[in-house]
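Down below is the structure, laid out as structure tokens.
Just so you know, ligand 1 is whichever comes first in the structure, and atom 1 is the first atom listed for that ligand.
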Amino acid sequence: MQSLVNPTIPGELRRKIVDARRVLVLTGAGVSAESGVPTFRGGGKSAVWKGMPFDVISSAGMVSRDLPAVWEWFDYRRELLKSLRPNRAHEEIARWQDRFEKLTVVTQNVDGLHQLAGSNNVIELHGSIWRARCISCSSRFEISRTQSRPDICADCGDRLRPDVVLFGELLPSGAFEMAAEAAAECELCFVIGTSGLVYPAAGLPEIAKAAGACVCEVNPERTPLSASCDHVLTGNAGEVLPLL
Ligand code: BJW
């Protein structure tokens with residue numbers, strides 16, 4: 001992946017980073033792009049499954065229409081993920097836990113790469129590809145990297161589905177509320193590798209900004225959020241974050 005620009009870090013942002021105690025990091029698919037995970041909409045190969053765009057296969061309607069097809073799509077992606085590792089961006093964000101008094105990592109990604117890099121207490125707004133959930137009783141089950149995934153709920157016997165948030169579905173209970181609280185109290189907010197198109201996640205930088213935080217975007221492309229950010233660092237996350 002080619003870097004567009006190697007940005008100079010403004011002095012004002014450097015001072016913010018030194019002074020900030022409460023920091024929020026919102027990440028999207030772009031943070032995993034340098035690990036080889038396809039993004040959804042830009043900056044690399046887009047996610048398409050057997051000719052079906054991701055917003056069709058990753059939609060609530062598809063679970064009721066064709067659950068086996070949905071599983072096939074997620075099984076394929078989990079298989080791909082098994083060989084992929086966190087990149088410098090994930091590692092740098094994990095290191096920030098020691099740098100700031102309170103760091104909250106909020107991710108839209110379902111790949112688990114932040115946790116693999118050592119980030120603790122990651123708020124997963126869109127769930128995890130490494131969990132299954134019962135379509136009836138909502139019991140959740142981890143999916144192992146080495147064993148075959150469960151198909152049937154051990155609690156009630158009904159079918160399981162991927163524990164991810166598809167279009168038109170509600171976010172996990174409490175996840176957005178926790179993220180919004182962290183946004184409202186942070187002093188510095190990084191928005192890294194997201195197209196800023198999917199709500200309610202894309203509303204978090206606005207909450208931070210309205211509460212007086214400095215907002216900094218890291219992305220090789222401009223997004224609808226860029227104009228309202230205090231700083232826009234143009235480049236790949238794995239190259240920009242180590243400069244901070
Ligand atoms: C790099 C890089 C590098 C590349 N370094 N950067 C308000 C207004 C309008 C609509 C809505 C609204 N509120 C809610 C909605 C409806 C809907 C929505 O937002 N629709 C919009 C698309 C119009 N939202 C929902 O349905 C949400 N639910 C909800 O709100 O419930 C209440 C409700 C229900 C019904 C109606 C109304 C309200 C749920 C959203 C769930 C999203 N699910 C997905 C799929 C997950 C499962 C799966 O993995 O398949 O989540 S969609 C997909 O998009 C995935 C992502 O998490 C999400 C965000 O994408 P992300 O991360 O931004 O990735 P990309 O690919 O878009 O962008 C990558 C970026 O990286 C680019 O900018 C690149 O430039 C950059 N990049 N390389 C740094 N190296």
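- In terms of modelled atom types and a separation under 3.5 Å, the side chain of Ser35 and the main chain of Val37 share no donor-acceptor contact.
- Atoms of ligand 1 found under 4.0 Å from any heavy atom of Val110 (numbered from 1 in listed order, with element): 49 (O).
- The parts of Arg41 lying near ligand 1 are both backbone and side chain, judged by heavy-atom distances below 4.0 Å.
- Taking every heavy atom of Glu169 and a limit of under 4.0 angstrom, the matching atoms of ligand 1 come to 27 (C), 28 (N), 29 (C), 31 (O), 39 (C).
- Residue contacts with ligand 1 for Arg77 involve side-chain atoms from C-beta outward but no N, CA, C or O (heavy atoms, distance under 4.0 Å).
- His90 and Ser32 are linked by a side-chain donor-acceptor pair at a separation below 3.5 angstrom, with hydrogens and angles left out of the test.
- When heavy-atom distances to ligand 1 are checked against a 4.0 Å cut-off, His126 comes that close only through its side chain, counted from C-beta outward.
- The local environment of CD in Glu185 is crowded, with over 12 non-hydrogen atoms from other residues, nucleotides or ligands closer than 6.0 Å.
- Screening Lys16, Arg22, Lys209 for a salt bridge (Lys or Arg N to Asp or Glu O under 4.0 Å) with Glu187, the sole residue that qualifies is Arg22.
- Here atom 69 (C) of ligand 1 lies nearest to Gly193 when heavy atoms of Ser58, Gly193, Ala60 are compared.
- Contact annotation: for Leu197 versus ligand 1, heavy atoms closer than 4.0 Å belong to the backbone alone.
- For the atom pair CG of Asp19 and CZ of Arg15, the computed distance is 9.0 Å after rounding to the nearest 0.5 Å.
- By the side chain to side chain contact (heavy atoms under 4.5 Å, CB included) test, Glu92 pairs with Arg95, Trp96, Leu241, Pro242, sequence neighbours left out.
- Between Arg131 and Glu124 there is a salt bridge, since a side-chain N of the basic residue sits under 4.0 Å from a carboxylate O of the acidic one.
- Both the backbone and the side chain of Ala29 come within contact range of ligand 1, each with a heavy atom under 4.0 Å.
- When Val191, Val165, Val164 are ranked by how near their heavy atoms come to atom 42 (C) of ligand 1, first place goes to Val165.
- A donor atom on one side chain and an acceptor atom on the other are found under 3.5 Å apart for Trp73 and Ser58.
- In Ala237, the parts holding a heavy atom less than 4.0 Å from any atom of ligand 1 are both the side chain and the backbone.
- A cation-pi arrangement is not found for Arg161 relative to Trp71, the charged atom failing to lie both closer than 6.0 Å to the ring centre and inside a 45° cone about the ring normal.
- Those atoms of ligand 1 with a heavy atom of Glu34 less than 4.0 angstrom away are 3 (C), 5 (N), 80 (N).
- Residue Pro200 has at least one heavy-atom neighbour below 4.0 Å for each of these atoms of ligand 1: 30 (O).
- Here Thr194 has heavy atoms under 4.0 Å from ligand 1 in both its backbone and its side chain.
- Within the 4.0 Å heavy-atom cutoff, Glu239 does not count among the residues contacting ligand 1.
- The backbone N or O of Val232 sits nowhere less than 3.5 Å from a side-chain atom of Glu217 that would complete a donor-acceptor pair.
- Contact atoms of ligand 1 toward Ala33: 78 (N) (distance under 4.0 Å to a heavy atom of the residue).
- Heavy-atom contacts of Gly28 reach the following atoms of ligand 1: 62 (O) (cutoff under 4.0 Å).
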